[in-house]
Amino acid sequence: TQLLEQSPQFLSIQEGENLTVYCNSSSVFSSLQWYRQEPGEGPVLLVTVVTGGEVKKLKRLTFQFGDARKDSSLHITAAQPGDTGLYLCAGDPAMRFGAGTRLTVKP
Amino acid sequence: GAVVSQHPSWVICKSGTSVKIECRSLDFQATTMFWYRQFPKQSLMLMATSNEGSKATYEQGVEKDKFLINHASLTLSTLTVTSAHPEDSSFYICSAREDAQQFFGPGTRLTVL
């Protein structure tokens with residue numbers, strides 16, 4: 001079973017602060033995906049990382065895939081209240097999710 | 001990105017009845033679909049992997065006779081919750097795979113009275 005651990009599970013910060021969310025596993029993944037979920041909705045895909053060491057940027061979000069393809073991080077620069085939500089990572093091929101990081105950005 | 005729909009978006013039923021939830025990939029064909037369950041303030045829990053034309057693969061602890069999955073075409077998978085009970089009340093979400101990416105449906109909220 002490919003288990004994913006996310007940390008922190010809860011994060012409450014002020015608007016403008018930076019933050020990093022981690023996704024770790026002892027398993028190697030062929031790819032890893034990050035999602036954001038709003039209450040009562042399905043997760044929305046943010047990014048897919050495939051290559052070890054890969055870095056992808058999506059506006060203020062930076063995603064990194066570990067060299068060994070066992071872990072990943074999501075860094076948000078200058079967080080905004082609109083970034084509030086549940087951030088989830090899932091690894092391929094099993095597509096099981098970590099526990100998620102519930103982010104609250106206060107104005 | 002690709003679009004996945006679910007129907008119904010919410011359903012309320014009496015204990016003991018069966019409920020069918022549909023998951024459709026609207027603009028692509030998906031040989032593999034996934035079914036998840038999510039309880040309030042928790043992450044998504046994978047229930048089963050649905051493969052077109054073959055039996056679904058269930059996660060440990062998920063009763064295959066209670067949660068019937070059918071993936072009869074490349075654009076449709078169904079989850080039937082049989083003899084539903086209040087503890088089955090949850091948010092059920094499906095996803096469909098296109099290449100190396102997963103796209104999720106909007107979810108179905110099931111409430112069993």
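Naming: A, B, ... by sequence-line order, numbering from 1 per chain.
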Inter-residue atom distance [X].[atom1] - [Y].[atom2], 0.5 Å rounding:
X: B/Phe91; Y: A/Glu41; atom1: CZ; atom2: CD; result: 8.0 Å
X: B/Phe34; Y: A/Arg96; atom1: CZ; atom2: CZ; result: 9.5 Å
X: B/Gln102; Y: A/Met95; atom1: CD; atom2: CE; result: 4.0 Å

Same cluster or not: are [X] and [Y] linked, directly or through other Ile, Leu, Val, Met, Phe, Trp or Tyr residues, by side-chain heavy atoms under 4.5 angstrom apart?
X: B/Met47; Y: B/Val19; value: yes
X: B/Val62; Y: B/Ile69; value: yes
X: A/Leu61; Y: A/Ile13; value: yes
X: A/Leu74; Y: A/Val49; value: yes
X: B/Phe103; Y: B/Tyr92; value: no

NZ/B/Lys66: more than 12 non-hydrogen atoms of other groups inside 6.0 Å: yes

Within 6.0 Å of CD in A/Gln80, more than 12 heavy atoms from elsewhere: yes

Less than 4.5 Å to any heavy atom of chain A: does that hold for the side chain of [X], its backbone, both, or neither?
X: B/Gln42; result: backbone
X: B/Ile93; result: side chain
X: B/Gln38; result: side chain

Exercise: identify the closest heavy-atom pair between B/Ser43 and A/Ala99: CB-O, 3.3 Å

From CA spacing to verdict: side-chain contact (heavy atoms from CB on, under 4.5 Å), B/Leu44, A/Gln37: CA-CA 10 Å; B/Leu44 282 73; A/Gln37 185 183 27; 3.7 Å; yes

Aromatic contact, B/Phe104 with A/Phe97 (centres under 6.0 Å): yes

Part of A/Gln9 within contact of chain B (heavy atom distance under 4.5 Å): neither

